[in-house]
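In what follows, a single structure is set out as structure tokens and then discussed.
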Amino acid sequence: MTNLHFITHAVMLSILAVVVKKYIDLRSLVEDLQMDCYPHPILSQPPSPPLSHRPQPGDHIGNIEKDINYIATSQSSFEESASNQDIDNLGATKYDSERVYSHKDKFSGTDFSSKSDQYFETDLIQSSLAIYSNKAEGEAQSGKYFEEYEQTKASSPETSSVLSLSSESLGEGHTNKKTSEMDVDGSVHAIVTDKSHKNEKSSQNDISQIATSVWCHGSSEIRKMCRFKNLCYSPLKETFFFYHSDQSVVDRSQLGKNSRPWLHLSTVVGYNGHTANLVDVRSSMFNNSKVRWIKGQSMIFSRFKPDNIMHVLHDDIFPLHFTLNFISGQNSLDKYDVQLVFVEGWDRGDFADLYTLFTTKPPMYVTDFSQEQSLCFEYSYVGLSMETVWYKYGYLLPQAPIEGTSASGFLIHSTVNYIVSQLNILNPPNMVLSSGDYFVLLSRKDNRLIINEMELMLSLSADVNMKVFMLSLETHSFREIIQYVKFSRGLVGMHGSLMSLAAFLKPGSFVIELFPYAVSPEKYSPFRTLAELPGMELVYSAWQNMDKSKSVGHPDWSADIGGISHLSSQEQAAIVAETEVREHLCCSDPSWLYHIYQDTEVDIPTITRLVTTSLNAPVASEDLRMFPAKVANIQCDKINSESDAKDRNIKQLGNVEKGSMVFNIQWEPPENLDCLDFSSINYEVRVVQAGVDDILFIVSGTSLLVSASDTGPTVKVWVKAVTDSNIGGLHSHTQCLIT
């Protein structure tokens with residue numbers, strides 16, 4: 001029995017061993033199949049974004065400051081950024097027209113949109129031989145490039161593809177078929193896939209009838225903005241082509257004097273590096289073999305320095321928003337249906353996402369296009385309006401505010417509100433903070449340092465009894481900085497590009513700008529000018545280091561960031577001994593660069609007093625944009641001069657004799673006084689009698705007695721209201737005739 005029991009157990013163990021082995025083999029087979037079906041958890045990750053193309057020596061005009069900062073990845077969609085160059089060292093990089101751009105050169109900076117649709121792989125070839133290549137439906141849906149494409153596909157179910165680059169795949173027996181063509185710009189065309197010479201010739205004949213037309217606005221060369229129809233551009237030649245035919249509409253005087261038209265692609269005053277080269281050619285010279293048509297409305301311009309937030313805002317973003325409002329009449333918080341086209345050759349830049357906030361279509365960059373291909377724009381605006389530009393950088397004369405600028409707080413706030421809305425910035429950065437219960441200290445980590453920065457922050461917080469946040473592009477994302485600034489009480493920071501974020505401050509906030517030794521706040525005032533624009537309503541103060549021992553220069557640095565070791569010993573000694581930077585033009589003066597890149601130990605007690613004073617300074621009301629209306633019911637009545645001759649309130653018009661006419665001017669206050677916030681109101685009364693006198697009286701009441709010659713000509717009277725410093729608006733004078 002024992003033996004039988006042993007044998008039974010042995011057989012069972014053998015069977016179990018066979019089953020286990022089969023199970024292990026089956027499990028191994030399943031795992032092998034899974035590896036075939038599912039990608040490797042590491043190898044399946046998307047590749048890292050390519051390194052951005054950086055300007056090389058010899059590529060640029062002027063000098064470029066190496067003020068390298070980084071935007072930390074956080075809650076915002078902005079990713080790591082490269083150099084944030086300051087206003088202090090200006091220039092503009094030009095691209096090499098002979099260079100063939102690869103995919104790795106196409107992207108730099110950041111992008112809110114899906115990475116999967118960023119490459120412009122499809123070029124529009126104007127040929128009846130072009131065909132469609134099938135794409136997966138999911139790919140077509142993945143990004144903004146195909147929003148309009150999807151709408152077209154919905155209306156044309158049989159068309160679910162994008163245009164292919166080649167036509168060789170058409171077989172001899174290919175069936176003729178008419179479809180709708182959708183380019184990445186959302187444009188729709190009819191195309192017949194037929195190899196017959198007859199249809200091909202017909203298509204070419206239609207295209208050969210191209211005619212360019214132009215309409216311009218603006219009385220001066222630098223303020224001129226032109227709208228074109230059928231304008232073409234060659235990236236290889238960096239040239240715009242105007243095709244003339246009997247269908248063209250053009251007034252040569254609109255473009256420029258004589259035969260040399262000038263179109264400014266940038267808003268920078270005095271800089272000629274971004275002037276459009278516009279060439280006149282005959283319509284018959286148009287070659288449609290390598291043309292990409294951009295349908296709809298485009299806006300073509302050159303970014304001046306897309307890696308510098310001061311220049312991005314001042315030179316591009318504020319002018320862009322104003323121009324978009326001007327041409328569309330929109331002025332809302334919705335995106336604009338316009339194609340932005342950048343033709344200066346820069347990479348996308350550190351702040352590329354700011355541009356994408358404004359339009360429904362992703363911007364186009366000249367580096368995205370084939371150098372052998374021409375671009376033709378159905379409708380395009382060339383250049384941006386300069387109505388919001390307030391500062392010039394010193395190309396013709398030393399840098400200074402623009403005289404007579406039309407920039408205002410109203411225009412700046414309009415753009416700021418749009419950006420804040422698009423970024424969905426609704427509240428302070430965290431729930432602990434309330435609007436206005438803190439202020440911001442802007443920090444620099446690479447150069448132009450505040451040596452005692454931490455001590456300054458702690459002292460300000462303790463002495464002013466407010467929270468202070470120290471922000472930089474190395475520690476916070478650009479969106480976070482905007483959010484902190486937007487709800488803060490003010491800004492303190494060393495002169496530099498981030499101070500331009502004062503534009504995002506609420507009215508009533510303060511701006512305190514710090515300057516290194518020998519750098520005068522009176523000579524370098526882009527941010528003071530911004531703060532003091534009408535309607536900005538910011539309290540501005542400046543502090544300059546007057547103690548040379550509190551400064552640290554860097555003579556051994558490279559010349560573009562303040563180094564002077566390349567100069568002779570005499571020149572170096574003269575620069576170091578200066579107490580104020582000498583007058584200079586943009587952009588590479590060694591004295592300016594040496595002093596502006598000094599590090600500084602700031603005077604904490606003085607800056608604390610400036611903050612305290614700024615917090616208590618009165619600020620003009622937002623109602624400053626509202627003006628008193630015309631005075632109402634003005635009357636001019638002649639009275640008995642003999643009975644009122646002794647009235648000391650009679651104002652005399654000229655050297656009139658006894659017995660002259662006396663009349664009483666009366667009026668009613670403007671009807672909108674209840675809508676205005678003012679502390680005092682006066683009236684300007686202008687009384688004119690030809691050959692006698694022309695006198696302006698200022699009175700606080702609503703009546704005035706005036707004596708005039710009773711033998712003279714007609715007396716004319718105008719009255720207008722003045723609340724504080726705000727004079728009545730358009731047509732505010734009212735005339736009264738006394739004969």
Side-chain angles (χ1 to χ4, degrees), residues 69-81 84 110-113 309 312-313 317-318 321 330-336 350-358 409-443 457 460-461 464-493 497-512 527 530-531 535-539 611 614-615 619 621-623 625:
N69 294 318
Y70 292 92
I71 298 178
T73 302
S74 65
Q75 297 176 359
S76 86
S77 297
F78 287 88
E79 300 169 356
E80 186 174 287
S81 165
N84 172 46
T110 58
D111 195 348
F112 286 133
S113 62
I309 188 55
V312 167
L313 291 174
I317 295 299
F318 292 132
H321 189 230
Q330 185 171 314
N331 195 26
S332 71
L333 299 180
D334 297 326
K335 290 190 175 184
Y336 302 79
D350 305 330
F351 305 99
D353 292 329
L354 274 178
Y355 300 89
T356 67
L357 298 178
F358 288 87
F410 173 77
L411 297 178
I412 301 302
H413 290 152
S414 174
T415 304
V416 164
N417 292 337
Y418 178 91
I419 294 173
V420 168
S421 174
Q422 289 293 325
L423 293 178
N424 196 31
I425 298 176
L426 304 176
N427 301 299
N430 59 64
M431 298 182 64
V432 178
L433 297 177
S434 299
S435 180
D437 68 348
Y438 65 93
F439 62 92
V440 170
L441 174 61
L442 295 175
S443 174
M457 183 186 71
L460 286 175
S461 180
V464 182
N465 195 27
M466 289 184 70
K467 292 185 284 290
V468 181
F469 288 91
M470 188 162 62
L471 308 177
S472 72
L473 288 174
E474 291 84 358
T475 59
H476 294 77
S477 71
F478 183 64
R479 182 186 183 279
E480 284 180 317
I481 296 178
I482 290 179
Q483 189 173 18
Y484 271 100
V485 170
K486 176 65 178 175
F487 294 98
S488 75
R489 190 68 173 82
L491 287 179
V492 180
S497 63
L498 270 182
M499 290 298 292
S500 62
L501 296 185
F504 289 83
L505 289 170
K506 291 186 175 181
S509 304
F510 68 83
V511 179
I512 298 177
F527 311 117
L530 167 64
M536 282 303 296
E537 300 174 14
L538 299 176
V539 178
V611 173
S614 299
L615 287 170
V619 181
S621 169
E622 276 282 297
D623 288 334
R625 294 200 304 267

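Hydrogens, waters and symmetry mates play no part in the numbers below; they use all other heavy atoms, side chains included.
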Before giving the answer on side-chain contact (heavy atoms from CB on, under 4.5 Å), spell out for Phe318 and Leu411 the whole-Å C-alpha distance, their side-chain angles and the decisive distance to 0.1 Å. CA-CA 8 Å; Phe318 292 132; Leu411 297 178; over 6 Å; no
Do any N or O atoms from the side chain of Gln422 and from the backbone of Leu333 form a donor-acceptor pair under 3.5 angstrom? yes
Indicate yes or no for a side-chain donor-acceptor contact from Asp353 to the backbone of Thr356 under 3.5 Å, with no hydrogens or angles considered. no
Using 0.5 Å steps for rounding, measure from the [atom1] atom of [X] to the [atom2] atom of [Y].
X      : Y      : atom1 : atom2 : result
Leu357 : Tyr336 : CG    : OH    : 12.0 Å
Leu491 : Phe527 : CG    : CZ    : 11.0 Å
Leu530 : Met536 : CG    : CE    : 4.5 Å
Leu471 : Ser488 : CG    : OG    : 9.0 Å
His476 : Gln483 : NE2   : CD    : 10.5 Å
Glu480 : Ile425 : CD    : CD1   : 10.0 Å

Results of ring-ring contact (aromatic ring centres under 6.0 Å, His included) for Phe358 - residues two or more places apart only: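 ring-ring contact (aromatic ring centres under 6.0 Å, His included) list for Phe358, sorted by chain: His321, Tyr418.
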Does a side-chain heavy-atom distance below 4.5 Å link Ser443 with Met457? no
Leu615 side chain reached by Met466 side chain, heavy atoms, under 4.5 Å: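 Yes - at least one pair of side-chain heavy atoms lies under 4.5 Å apart.
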Which residue pairs satisfy the salt bridge (Lys or Arg N to Asp or Glu O under 4.0 Å) criterion with at least one member in residues 414-428, sequence neighbours excluded?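 Those involving residues 414-428 do not exist here.
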Scan residues 415-433 for pairs that pass salt bridge (Lys or Arg N to Asp or Glu O under 4.0 Å), counting only residues two or more places apart or in two chains.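 As it turns out, there is no salt bridge (Lys or Arg N to Asp or Glu O under 4.0 Å) pair with a partner in residues 415-433 once direct neighbours are skipped.
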Looking only at heavy atoms, what is the nearest atom pair of [X] and [Y], with distance?
X      : Y      : result
Leu505 : Gly490 : CD2-CA, 4.0 Å
Leu501 : Val485 : O-CG1, 3.4 Å
Ile512 : Met499 : O-CE, 3.9 Å
Leu354 : Phe478 : CD1-CE2, 3.8 Å
Val416 : Lys486 : CG1-NZ, 4.3 Å
Ile309 : Phe351 : N-CE1, 3.7 Å

Only counting residues at least two apart or in another chain, list the ones meeting side chain to side chain donor-acceptor pair (under 3.5 Å) with Ser461.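 With sequence neighbours excluded, Ser461 shows a side chain to side chain donor-acceptor pair (under 3.5 Å) to no residue whatsoever.
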Name each donor-acceptor pair under 3.5 Å that joins a side chain in residues 434-442 to protein atoms two or more places apart or in another chain, with its distance.
unit_1 : atom_1 : unit_2 : atom_2 : d
Ser435 : OG     : Lys506 : NZ     : 3.1
Asp437 : OD1    : Ser434 : N      : 3.4
Asp437 : OD2    : Ser434 : N      : 3.2
Asp437 : OD2    : Lys467 : NZ     : 3.3
Tyr438 : OH     : Tyr484 : O      : 2.7

Side chain to side chain contact (heavy atoms under 4.5 Å, CB included) involving Ala531 - partner list, sequence neighbours excluded: Leu538, Tyr540
State whether the number of non-hydrogen atoms from other residues, nucleotides or ligands found under 6.0 Å of Asn430 atom CG is greater than 12.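 Counting other residues, nucleotides and ligands, CG of Asn430 exceeds 12 neighbours.
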